[in-house]
Amino acid sequence: MTFHNVLTHQPQRPITQPHFFILSKGKNAGKPLKESCPNCFLITVKTEEETENLYWIAYFLWKSNFWHQYQIGSVIPFVRITTFKSCFRDEVLKAYKQHQKHLDFIQRIQQLEALQNHYTKTVEQIEKLKWALLQNQLR
């Protein structure tokens, strides 16, 4: 089991431990982030490996719309930090009960993301080529 600490992010607070951020407000509340932004939680752990594991658990929860049921607020939805702490801890415990299965799942998701990035770059290059051909035709 990993020990993690969840805090409200304050930009002036120095961060010395491995960490990542979770968006706390808006329709994407619960989204894990590598860089800080306004309205986010800070999750600190002891090692980089734990950071990676918890980041992917948070990513799975966000992608599956897990946090939508806990959002409150009529104009700008948000997740309370106490709710986030308790639910995230419970989900981390579930994931660590099946740790090897979780690690295999992370590896598969990372491979799919790498493939998606490759295809995105390919599509961008095709768009640039089309644009260049159109520009050449108009001359």
Side-chain angles (χ1 to χ4, degrees):
M1 177 57 201
T2 181
F3 173 77
H4 63 276
N5 194 12
V6 180
L7 306 165
T8 302
H9 176 59
Q10 298 171 353
Q12 67 274 15
R13 178 188 299 151
I15 306 169
T16 57
Q17 296 174 303
H19 63 279
F20 66 97
F21 303 93
I22 300 286
L23 192 60
S24 63
K25 288 188 179 179
K27 293 189 180 203
N28 280 325
K31 181 179 182 179
L33 306 167
K34 298 286 185 181
E35 299 294 325
S36 69
C37 70
N39 304 315
C40 65
F41 301 136
L42 168 67
I43 299 183
T44 59
V45 294
K46 295 186 181 194
T47 66
E48 285 295 330
E49 181 183 340
E50 291 175 5
T51 303
E52 196 68 21
N53 283 334
L54 292 182
Y55 177 87
W56 284 106
I57 292 170
Y59 180 82
F60 301 148
L61 293 173
W62 171 68
K63 273 302 215 188
S64 66
N65 296 326
F66 177 81
W67 299 110
H68 285 206
Q69 62 188 329
Y70 298 106
Q71 289 181 347
I72 58 172
S74 59
V75 178
I76 299 175
F78 66 96
V79 177
R80 288 189 173 125
I81 192 166
T82 54
T83 304
F84 180 83
K85 283 181 180 181
S86 64
C87 294
F88 189 65
R89 183 189 65 239
D90 293 344
E91 294 300 318
V92 168
L93 288 172
K94 285 181 192 175
Y96 273 87
K97 284 182 181 175
Q98 301 173 347
H99 190 63
Q100 189 57 44
K101 184 179 176 184
H102 171 70
L103 293 177
D104 293 342
F105 192 67
I106 287 174
Q107 185 179 14
R108 284 187 265 151
I109 291 295
Q110 287 174 332
Q111 289 171 347
L112 288 173
E113 282 209 344
L115 190 60
Q116 182 180 11
N117 289 338
H118 173 73
Y119 285 138
T120 301
K121 288 178 184 176
T122 303
V123 168
E124 288 172 0
Q125 290 173 345
I126 290 171
E127 288 295 323
K128 287 179 184 178
L129 182 59
K130 282 179 16 184
W131 178 255
L133 288 173
L134 286 170
Q135 290 297 319
N136 192 29
Q137 183 64 29
L138 292 175
R139 291 185 185 165

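Just so it is clear, the structure is predicted and the values come from calculations on it, not from any experiment.
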Can E91 and K94 be said to form a salt bridge (charged side-chain N to carboxylate O under 4.0 Å, His left out), step by step?
CA-CA 5 Å; E91 294 300 318; K94 285 181 192 175; 3.3 Å; yes
Tell me, with the steps shown, if Q100 and D104 meet side-chain hydrogen bond (donor to acceptor under 3.5 Å, both in side chains).
CA-CA 6 Å; Q100 189 57 44; D104 293 342; 3.2 Å; yes
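Listed by first and then second residue, the ring pair (Phe, Tyr, Trp, His ring centres under 6.0 Å) pairs involving residues 97-122 are F60-F105, Y96-H99 (not counting sequence neighbours).
Other residues, nucleotides and ligands place no more than 12 heavy atoms under 6.0 Å from the CD atom of E35. Crowding of E113 atom CD: a count of heavy atoms from other residues, nucleotides or ligands under 6.0 Å exceeding 12. Dense packing is recorded around CG of L7, with more than 12 heavy atoms of other residues, nucleotides or ligands lying under 6.0 Å away. Residue Q137 places its CD atom among 12 or fewer non-hydrogen atoms of other residues, nucleotides or ligands, all under 6.0 Å distant.
Put simply, V6 and L42 are part of two different groups of oily side chains (I, L, V, M, F, W, Y) that touch within less than 4.5 Å, one to the next.
Contact of the L54 side chain with the V92 side chain is registered, since non-hydrogen atoms from C-beta on lie closer than 4.5 Å. By the 4.5 Å heavy-atom criterion applied to side chains, N65 and H68 are counted as neighbours. Using a 4.5 Å heavy-atom cutoff, the side chains of L61 and W67 are in contact. Q71 has its side chain out of reach of R80: every pair of non-hydrogen atoms, C-beta onward, lies at least 4.5 Å apart. Looking at F88 and I43, their side chains come closer than 4.5 Å, going by heavy atoms from C-beta outward. The closest side-chain heavy-atom distance from H19 to Q17 is not below 4.5 Å. Put simply, the side chain of L129 does not reach to within 4.5 Å of the side chain of Q125, judged on heavy atoms.
The CH2 atom of W56 lies 13.0 Å from the CG atom of L103; values are rounded to the nearest 0.5 Å. Atom OH of Y55 and atom CH2 of W62 lie 8.5 Å apart (nearest 0.5 Å). We find the NE2-CD1 distance between H4 and I57 to be 8.5 Å, quoted to the nearest 0.5 Å. Atom CD1 of I81 is separated from atom NZ of K85 by 5.0 Å, given to the nearest 0.5 angstrom. Rounded to the nearest 0.5 Å, atoms CD (E50) and CG (N53) are 8.0 Å apart. Distance check: Q69 CD to T83 OG1 gives 10.5 Å after rounding to the nearest 0.5 Å.
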Let me check something: any side-chain donor-acceptor pairs from residues 20-34 under 3.5 Å, sequence neighbours excluded? List them with distances.
from: S24; atom 1: OG; to: N39; atom 2: O; distance (Å): 2.8

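Judged by distance alone, with hydrogens and angles left aside, the side-chain atoms of R13 form a donor-acceptor pair with the main-chain N or O of T8 at under 3.5 Å.
When all heavy atoms are compared, the tightest approach of F66 to C87 is CE2-CB, 4.1 Å.
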